[in-house]
*Asks:* 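Provided herewith is a single structure, encoded as structure tokens, for subsequent inquiry.
Labels below follow one simple rule: chain letters A, B, ... track the order of the sequence lines, proteins then strands, and each chain is numbered from 1.
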Protein chains: 2
Amino acid sequence: MVVKKQKQTKQSINRQELEARILRSAEIVFAEKGYNGSSMEAIAAVAKISKQNLIYYFSNKELLYKRVLKEMLDIWIEKLSFLEKDGDTPELVIRRYVHEKMQLSRLYPNGSKVFAHEIISGAPMLKDYLVSHLKPQFERDVKLVKSWISKGLIADIDAEHLFFTIWAATQTYADFSLQMEVLLAKTSLDEDDFERAELAVTEFVMRALGAKKIN
Amino acid sequence: MVVKKQKQTKQSINRQELEARILRSAEIVFAEKGYNGSSMEAIAAVAKISKQNLIYYFSNKELLYKRVLKEMLDIWIEKLSFLEKDGDTPELVIRRYVHEKMQLSRLYPNGSKVFAHEIISGAPMLKDYLVSHLKPQFERDVKLVKSWISKGLIADIDAEHLFFTIWAATQTYADFSLQMEVLLAKTSLDEDDFERAELAVTEFVMRALGAKKIN
DNA sequence: GTTATTGCTGACCAAAAAGACAAGTTCAAA
DNA sequence: TTTGAACTTGTCTTTTTGGTCAGCAATAAC
């Protein structure tokens, strides 16, 4: 693919910066209010621009929403490729996978929430993307896990539901953080909470795999 | 508490029925669209009454929404009391807990989704209830698990995060059912899927507890 | 049968919000 | 410095939606 070299004028730099700021702002508002509850005006206010200017950059709400969703999903798909490098044990691969997923919950809680809202709502804007992008990766990853099982490298577990469980257990630290904050009597989850969470989840998963050594 | 005996007229019976139908309808719409995205008109349409009549029964949207939420939470709190009967092993108690939670995901997917939307959005209408009702139960249950650990009945796991993981892993079968349907190439999760899911989740949790026999 | 209560509906209103449009402003290239 | 393009804003229209209100209809009480 040919990348058109764009001259970096003052304007184009501003444009990029402002677009990024808008996307971050939209993420915050969509995460809290969902698609329908978020007004362009509210997003503009967070981004500190006028509604009209927001519309200039993203001509309508649906488009903006889809951009936010797609950004999040692209990050996930990139970071969560289940790559088996030479010499990696299944244990290490899965351990790394849990770690990465947990990082994403910590670093992108808002994007994660937008995604969650969307899926819970029946994914009206996302279904096709799931089929075309997520499903192939899922099937590949499931196949790999099943091959580990058949080679006796890990315990005989349900591969599909292993993924569902890992996703749920990690994603919950983004989506349901408020519930945990209430139950743990904290104003927000800090570094330590995430570390403890990752340790706990990793240990659960490792035991499920029948790993011998747990540390 | 004195229960006022209400005469069961034809009207009052209809009222109860219609109220229940409205609540079920509201649950469906709120689950799909969230609070802001759900219009009273849409709820009325599902319940097959006029918007004005809906407002006659539930004078405003917030009230209706809170009723739906409260109904769901009351069911949860009732079904998920972590009761230790005489002779129950920790293993059995937790096994039953997972089973109950899974049942709730299967039987009340819509209520579960409404709850999820609410928590993800920062629980604007629910925070107080969480503090007053859920937190005490959580703390009691955590305490019990910790006592099991100190008695050496189960492995030394992180009690708080054990609950977070169980909740996430079970709730996901209600909230994220669409994602699974896409990935498993099904139009809806059936009895078998839930059975398989429960088996998988139960096994994960049992292994995490360090249970000797797994079946 | 008459009256009072409960249940229901149509006509409306006010607020919110998406987005169109036109006009003005800033900036970069010639 | 001029010119055209990129950027920004104020005004207006239309649609949606939560909710009111007055009145009609069905039912229960007497």
*Asks:* Rounded to whole angstrom units, what separation is found between the CG atom of Asn53(A) and the P atom of dC21(C)?
*Replies:*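 Those two atoms, CG and P, are 18 Å apart.
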*Asks:* Would you kindly give the CD1-to-P distance between Ile43(A) and dA17(C), to the nearest whole Å?
*Replies:* 11 Å
*Asks:* Reckon Ser50(A) has a side-chain N or O less than 4.0 Å from the OP1 or OP2 of dT9(D)?
*Replies:*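 Affirmative; the distance criterion is met.
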*Asks:* Looking only at side-chain atoms of Ser39(A), point me to the closest of dT9(D), dA18(C), dT9(C).
*Replies:* dA18(C)
*Asks:* Test for a donor-acceptor pair under 3.5 Å between the base of dG19(C) and the side chain of Gln52(A), counting only N and O atoms.
*Replies:*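 Result: no qualifying N/O pair found.
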*Asks:* Of the options Glu118(B), Glu27(B), Lys70(B), which is the one that meets Tyr65(B) in a side-chain hydrogen bond (donor to acceptor under 3.5 Å, both in side chains)?
*Replies:*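 Of Glu118(B), Glu27(B), Lys70(B), side-chain hydrogen bond (donor to acceptor under 3.5 Å, both in side chains) with Tyr65(B) is met by Glu118(B) alone.
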*Asks:* Look at the rings of Phe138(A) and Phe163(A) and say which category their plane angle falls in: under 30° parallel, 30 to 60° tilted, over 60° perpendicular.
*Replies:* perpendicular
*Asks:* Leu63(A) CG to dG19(C) C1': how many Å, rounded?
*Replies:*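 In whole Å, dG19(C) C1' and Leu63(A) CG are 14 Å from each other.
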*Asks:* Assign Lys61(A) to base, sugar-phosphate, or nothing according to its heavy-atom contacts below 4.0 angstrom with the strands shown.
*Replies:*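 Result for Lys61(A) = sugar-phosphate.
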*Asks:* Return the value, rounded to whole Å, for the distance between atom CG of Leu54(B) and atom P of dG18(D).
*Replies:* 10 Å
*Asks:* Does the side chain of Tyr57(A) get closer than 4.0 angstrom to OP1 or OP2 of dT8(D) through an N or O atom?
*Replies:*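 So the side chain of Tyr57(A) is within the cut-off, an N or O lying under 4.0 Å from OP1 or OP2 of dT8(D).
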*Asks:* Send over the distance from Leu64(A) CG to dA17(C) P, rounded to a whole Å.
*Replies:*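 Interatomic distance, CG of Leu64(A) to P of dA17(C): 16 Å.
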*Asks:* Begin with the C-alpha distance, continue with both residues' side-chain angles, and end with the deciding distance and a verdict on salt bridge (Lys or Arg N to Asp or Glu O under 4.0 Å) for Glu139(A) and Lys135(A).
*Replies:* CA-CA 6 Å; Glu139(A) 284 167 353; Lys135(A) 193 157 173 270; 3.3 Å; yes
*Asks:* Can you figure out which of dG7(C), dG19(D), dT9(C) approaches the side chain of Asn60(B) most closely?
*Replies:* dG19(D)
*Asks:* Nearest-Å distance, CG (Leu18(B)) to C1' (dT9(C))?
*Replies:*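 Rounded to the whole Å, the gap is 14 Å.
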*Asks:* May I ask you to evaluate whether Arg15(B) reaches the phosphate of dG7(C), defined as a side-chain N or O under 4.0 Å from OP1 or OP2?
*Replies:*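 Arg15(B) to dG7(C) OP1/OP2: side-chain N or O found under 4.0 Å.
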*Asks:* Using atom CD of Glu41(A) as one end and atom C1' of dT11(D) as the other, report the distance to the nearest whole Å.
*Replies:* 13 Å
*Asks:* Starting from P on dA18(C), measure out to NZ on Lys33(A) and report it in whole angstrom.
*Replies:*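 Going from NZ in Lys33(A) over to P in dA18(C) covers 13 Å.
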*Asks:* Among the nucleotides dA18(C), dC7(D), dA11(C), which one has an atom lying closest to any side-chain atom of Met40(A)?
*Replies:*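 Among dA18(C), dC7(D), dA11(C), the one nearest the side chain of Met40(A) is dA18(C).
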*Asks:* Report the residue from Tyr97(A), Trp167(A), Phe115(A) that forms a ring-ring contact (aromatic ring centres under 6.0 Å, His included) with Trp76(A).
*Replies:* Phe115(A)
*Asks:* Check this for me: does the side-chain of Lys51(A) come within 3.5 Å of the base of dA17(C) through a donor and an acceptor?
*Replies:* no
*Asks:* Think Tyr56(B) has a side-chain N or O under 4.0 angstrom from the OP1 or OP2 of dC8(C)?
*Replies:* no
*Asks:* Can you list the steps and then say if Arg15(B) with Glu19(B) is a salt bridge (Lys or Arg N to Asp or Glu O under 4.0 Å)?
*Replies:* CA-CA 6 Å; Arg15(B) 171 149 210 137; Glu19(B) 258 187 31; 3.6 Å; yes
